[in-house]
Colleague: 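Here it is, the structure, as structure tokens.
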Amino acid sequence: MENVYGYLMKYTNLVTGWQYRFFVLNNEAGLLEYFVNEQSRNQKPRGTLQLAGAVISPSDEDSHTFTVNAASGEQYKLRATDAKERQHWVSRLQICTQHHTEAIGKNNPPLKSRSFSLASSGNSPISQRRPSQNTISFFGVGPSKLQPSGRRAPLPPDHLVEVREMMSHAEGQQRDLIRRIECLPASGFLSSLDQDLLMLKATSMATMNCLNDCFHILQLQHASHQKGSLPAGTTIEWLEPKIPLSNHYKNGAEQPFETEQDKAGVPEELSAVESGPRAREPEDIKADEEVEDTCDHKEDDLGAVEEQRSVILHLLSQLKLGMDLTRVVLPTFILEKRSLLEMYADFMSHPDLFIAITSGTSAEDRMIRFVEYYLTSFHEGRKGAIAKKPYNPILGETFHCSWQVPKSGPGAQPGAPPPEEPTGCYTVRFVAEQVSHHPPVSGFYAECAERRMCVNAHVWTKSKFLGMSIGVTMVGEGVLSLLEHGEEYTFSLPCAYARSILTVPWVELGGKVGVTCAKTGYSASITFHTKPFYGGKLHRVTAEVKHNASSTVVCRVQGEWNSVLEFTYSNGETKCVDLSKLAVTRKRVRPLEKQDPFESRRLWKSVTEALSRAEMDLATEHKRVLEERQRAEERLRAESGTPWSTRYFSKEGDGWVYHKPLWKVLAATQPAE
């Protein structure tokens, strides 16, 4: 076989992008090498891939791109000038790969397949973690797994002959498939360059390579057994078996694990025993059970982002522009130590401004107060300067908290004397629930019964990959009800963006949102400005409060949503709000031991603790257990045809409404006329 050479484009990363490089397929050595250009061909290559055990795959992105996935885990993403050139390179690479894979498979030691490279390569994660282990120990062979020889029936001498015959038959069918595809014309309705057919060729070859590798492992095991190098009765198992998921949730309820061994590897919140019906009933949280929150997880791990850049680059290489990230599993180190449901609660960290809305003396004043509360809520909702991602709530997950606001504060009735006792406080209660998994929808509700006001909202988070940033759209709306005035304020939420994801990611808000009150005829238009490419300020926001009937602008706002906001009123007066000086009221939560197993902090307790200790592998495993059990429960419901039953929210039209909103409670308690 003669060597193949020529220029191809090679994808490096999002920063460098595609670059022309001169590639040489060395058929004799089974290597794919590349150089900066043809003139440097006599120098040391810039990169080299061993093709034995590799997988060559045409990409479904377009008709020019293909990937070379080496057994070591290294990947080249390449692009030819046209479909014909891609097919030429792919065919030659596949022939070379198959030749060298089969050649190695006929010899001992075993071939350097994807499985064995993990054990034999010094650069692999497993060999770095267990440098003393050889190939046999990688499969878990050890004295602890030995059994008496009399307990195991001897292997029949021809137990692999039938397997080999089936493999040969499958290989013949695969070769026939490839021949039939390659005999098709190069153009026309169904051509040999059809993207689906090219993908079928690559997939079938990769499958056969994988089966051959597995068969070779069985041959090695059999040979070792026959030679007596392994004691009779030795079993071969994979190391680090995943935690078994023997039981499923039943509509969100917890089921006990069957063995103590299972419990040892599972977070405490998943081993609790809760009956289904009782666990799903709405729970009235007692105020005396809640204590002031002392948890303060600061998100200042700047070093972790730099250390994990290779992980980010690998993840980004798998994404396409505009791709929906809802089902994409993101690396654990970018998580912040709280659930998305708790993040919504943190938007209420200025409850004094919230209850002050209803104290406005006029409809105009109340709309302006609502805009002030709305604009000051986002600063505290973000934890730290780095753009980290809160936990995706599990279906049925809930979060409860409350705030105590002194009655002498801004929300007090005009002219009311300050309370003499510290118990003279308004209570603002909050509850959130993950009401849907696909799509991911959260419902949350807050109320101050004494001030006869409440807010109900539902949010569907849609995230997309935008190249150098990730965009999150908050689909949904909220309604603030001021029952004392009979007014409802409908509002939406801005988009959020995680920028500079390859360096130190940061958050900015963007988009236009509106606030309307149909009864009073007042509305507000709020614009969160994203930073221009050149110049401009970060986190800029502007707003106008308008009386719709007269088209009169009664208030204008400008500033930064995380710094200083300036309000200019129609009478010429101005007011500045420095968010760094605003008092933050700590929420009150129940201790973990009193929380329901599906409350956010108890549910994610093990993940949060592992992240706090920077034990990313352990955090990843705890997170995986939670998510896998959610998927198992979803499959169980689908098989049994059992619909999901929410706990605190019910679906009304396109939205979700709290089951006991304040307007229903007050209506039920008022005497009939």
Colleague: Can you tell me how far CD of E283 sits from CD of Q595, rounded to the nearest 0.5 angstrom?
Modeller: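 These two atoms lie 10.0 Å from each other.
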Colleague: Give me the atom names and distance for the closest heavy-atom approach of M453 to I355.
Modeller: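 Between these two residues, the closest heavy atoms are SD-CA, 3.6 Å.
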Colleague: Tell me whether the centres of the aromatic rings in F491 and F370 are closer together than 6.0 Å.
Modeller: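 Here the rings of F370 and F491 have centres that are less than 6.0 Å from each other.
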Colleague: Over all heavy atoms of both residues, which pair between H458 and G655 is shortest? Give the atoms and the distance, please.
Modeller: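 In terms of heavy atoms, the two residues are closest at CE1-CA, 3.5 Å.
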Colleague: Are E544 and R556 ion-paired here, with the side-chain N under 4.0 Å from a carboxylate O?
Modeller: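 Between R556 and E544 there is a salt bridge, with a charged N closer than 4.0 Å to a carboxylate O.
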Colleague: Determine, stepwise, if the pair S442 / Q434 fulfils side-chain hydrogen bond (donor to acceptor under 3.5 Å, both in side chains).
Modeller: CA-CA 4 Å; S442 308; Q434 190 69 10; 2.6 Å; yes
Colleague: Thinking salt bridges, do E290 and R429 make one under a 4.0 Å N-O criterion?
Modeller: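 Judged by the 4.0 Å cut-off on N to carboxylate O distance, E290 and R429 do form a salt bridge.
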Colleague: Under the criterion side-chain hydrogen bond (donor to acceptor under 3.5 Å, both in side chains), I'd like the reasoning laid out for E397 against W604: C-alpha separation, chi angles, the key distance, then a yes or no.
Modeller: CA-CA 10 Å; E397 177 183 335; W604 294 95; 3.0 Å; yes
Colleague: Are side-chain heavy atoms of T461 and M474 found at a separation under 4.5 Å?
Modeller: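 Counting from C-beta outward, T461 and M474 do come under 4.5 Å.
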Colleague: Just wondering, do T527 and H529 contact through their side chains at under 4.5 Å, heavy atoms?
Modeller: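 When only atoms from C-beta onward are counted, T527 and H529 do touch, with a gap below 4.5 Å.
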Colleague: In plain terms, say whether E634 and R631 are close enough for a salt bridge, that is, a side-chain N and a carboxylate O under 4.0 Å apart.
Modeller: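 No.
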Colleague: Search all heavy atoms of C448 against all heavy atoms of Y426 and return the closest pair with its distance.
Modeller: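 Taking C448 first and Y426 second, the nearest heavy atoms are SG-CB, 4.0 Å.
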Colleague: Quick one: does S600's side chain have a donor or acceptor within less than 3.5 Å of a partner on T398's backbone?
Modeller: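 Looks like yes, one N/O pair under 3.5 Å.
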Colleague: Let's go through K587 and D346 carefully: what are the C-alpha distance in whole Å and the side-chain angles of both, what is the deciding distance for side-chain contact (heavy atoms from CB on, under 4.5 Å) to 0.1 Å, and is it a yes or a no?
Modeller: CA-CA 8 Å; K587 55 182 174 285; D346 289 335; 2.6 Å; yes
Colleague: Report yes or no: does H379 contribute a side-chain atom to a donor-acceptor pair with the main-chain N or O of W561 at less than 3.5 Å?
Modeller: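 A pair under 3.5 Å: no.
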Colleague: Between R369 and E372, is the salt bridge (charged side-chain N to carboxylate O under 4.0 Å, His left out) condition met? List the steps.
Modeller: CA-CA 5 Å; R369 289 185 180 217; E372 179 179 350; over 6 Å; no
Colleague: A side-chain contact here means heavy atoms from C-beta on lying under 4.5 Å apart; do V431 and I285 qualify?
Modeller: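 SC-SC contact between V431 and I285 ruled out.
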Colleague: Can you tell me how far the OG atom of S525 sits from the NZ atom of K512, to the nearest 0.5 Å?
Modeller: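 Output value for this atom pair is 6.0 Å.
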Colleague: Do the side chain of H659 and the main chain of R647 share a donor and acceptor less than 3.5 angstrom apart?
Modeller: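 Answer holds: no.
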Colleague: Compare every heavy atom of C425 with every heavy atom of E450, then report the nearest pair and how far apart it is.
Modeller: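 Scanning both residues completely, I find the closest heavy atoms to be OE1-O, 3.5 Å.
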Colleague: Could you pull out the closest heavy-atom pair between Y658 and P661, with the gap in Å?
Modeller: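 Between these two residues, the closest heavy atoms are O-CD, 3.0 Å.
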Colleague: Do F399 and F430 come close enough that some side-chain heavy atom pair is under 4.5 Å?
Modeller: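 F399 vs F430: side chains touch.
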Colleague: Output yes when a side-chain donor or acceptor of Q630 lies under 3.5 Å from a complementary backbone atom of L395, and no otherwise.
Modeller: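 Answer holds: yes.
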Colleague: May I ask you to decide if V657's main-chain N or O and E652's side chain share a donor-acceptor pair within less than 3.5 Å?
Modeller: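 Not at all, since once roles are kept as given, no pair shorter than 3.5 Å links the two residues.
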Colleague: Taking it one step at a time, do H350 and T585 satisfy side-chain contact (heavy atoms from CB on, under 4.5 Å)?
Modeller: CA-CA 6 Å; H350 302 302; T585 304; over 6 Å; no
Colleague: With heavy-atom distances below 4.5 Å as the criterion, would you say the side chains of C555 and E364 are in contact?
Modeller: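 Answer no - side chains too far apart.
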Colleague: Is any side-chain heavy atom of S650 closer than 4.5 Å to one of W656?
Modeller: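 The answer is no; the side chains never approach within 4.5 Å.
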Colleague: Does the pair M367 and C517 meet the rule for a side-chain contact (heavy atoms from CB on, under 4.5 Å), with working shown?
Modeller: CA-CA 8 Å; M367 175 61 79; C517 180; 4.0 Å; yes
Colleague: Is it the case that over 12 heavy atoms from other parts of the model lie below 6.0 angstrom from the CG atom of D654?
Modeller: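 Atom CG in D654 is not packed in, count stays at 12 or less.
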Colleague: Taking the ring of F528 and the ring of F378, is the distance between their centroids below 6.0 Å?
Modeller: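 Judged by ring-centre distance (under 6.0 Å), F378 and F528 do meet the cut-off.
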Colleague: If we ignore hydrogens and angles and just use 3.5 Å, is the side chain of N548 paired with the main-chain N or O of G521 as donor and acceptor?
Modeller: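 Checked: pair present.
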Colleague: Using the rule given for side-chain contact (heavy atoms from CB on, under 4.5 Å), can you reason through K660 versus D284, listing the C-alpha separation, both sets of side-chain angles and the distance that settles it, and then say yes or no?
Modeller: CA-CA 11 Å; K660 288 198 307 184; D284 290 328; 3.3 Å; yes
Colleague: For the pair R588 (side chain) and Q404 (backbone), establish whether a donor and an acceptor sit closer than 3.5 Å, ignoring hydrogens and angles.
Modeller: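 Not a single qualifying donor-acceptor pair exists.
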Colleague: Does this structure show an ion pair linking R635 with E628, if we count only N-O contacts that are shorter than 4.0 Å?
Modeller: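 Looking at E628 together with R635, the answer is yes, because their closest N to O distance falls below 4.0 Å.
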Colleague: Closest approach of F444 and A432, non-hydrogen atoms and distance?
Modeller: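 Closest approach of F444 to A432: CB-CB, 3.8 Å.
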Colleague: Give, for atom CD of E342 and atom SG of C401, the distance between the pair rounded to the nearest 0.5 Å.
Modeller: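 Going from CD on E342 over to SG on C401, the span is 7.5 Å.
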Colleague: I want to check something: taking the side chain as every heavy atom from C-beta on, are M348 and S377 in contact at a cut-off of under 4.5 Å?
Modeller: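 With C-beta onward as the side chain, the pair stays apart.
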Colleague: With a 4.0 Å cut-off, would you call R452 and E484 a salt bridge?
Modeller: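 Here R452 does not pair with E484 in a salt bridge, since their nearest N and O are not under 4.0 Å apart.
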Colleague: Out of R590, K605, H400, K594, which residue meets the side-chain hydrogen bond (donor to acceptor under 3.5 Å, both in side chains) rule with E599?
Modeller: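 Passing option: R590.
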Colleague: Using side-chain heavy atoms (C-beta onward) and a distance below 4.5 Å, is L662 in contact with Y445?
Modeller: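 Side-chain contact under 4.5 Å: yes.
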Colleague: Nearest 0.5 angstrom please: E447 CD to S481 OG, how far?
Modeller: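 With rounding to 0.5 Å, CD (E447) is 11.0 Å from OG (S481).
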Colleague: Is the closest basic N to carboxylate O distance between E633 and R637 below 4.0 Å?
Modeller: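 Yes, charged N to carboxylate O under 4.0 Å.
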Colleague: Could you give the distance from NZ (K581) to CG (L579), rounded to the nearest 0.5 Å?
Modeller: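 Interatomic distance, K581 NZ to L579 CG, rounded to 0.5 Å: 12.0 Å.
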Colleague: Rounded to the nearest 0.5 Å, what separation is found between the CZ atom of R601 and the OG1 atom of T608?
Modeller: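 R601 atom CZ to T608 atom OG1 measures 9.0 Å (nearest 0.5 Å).
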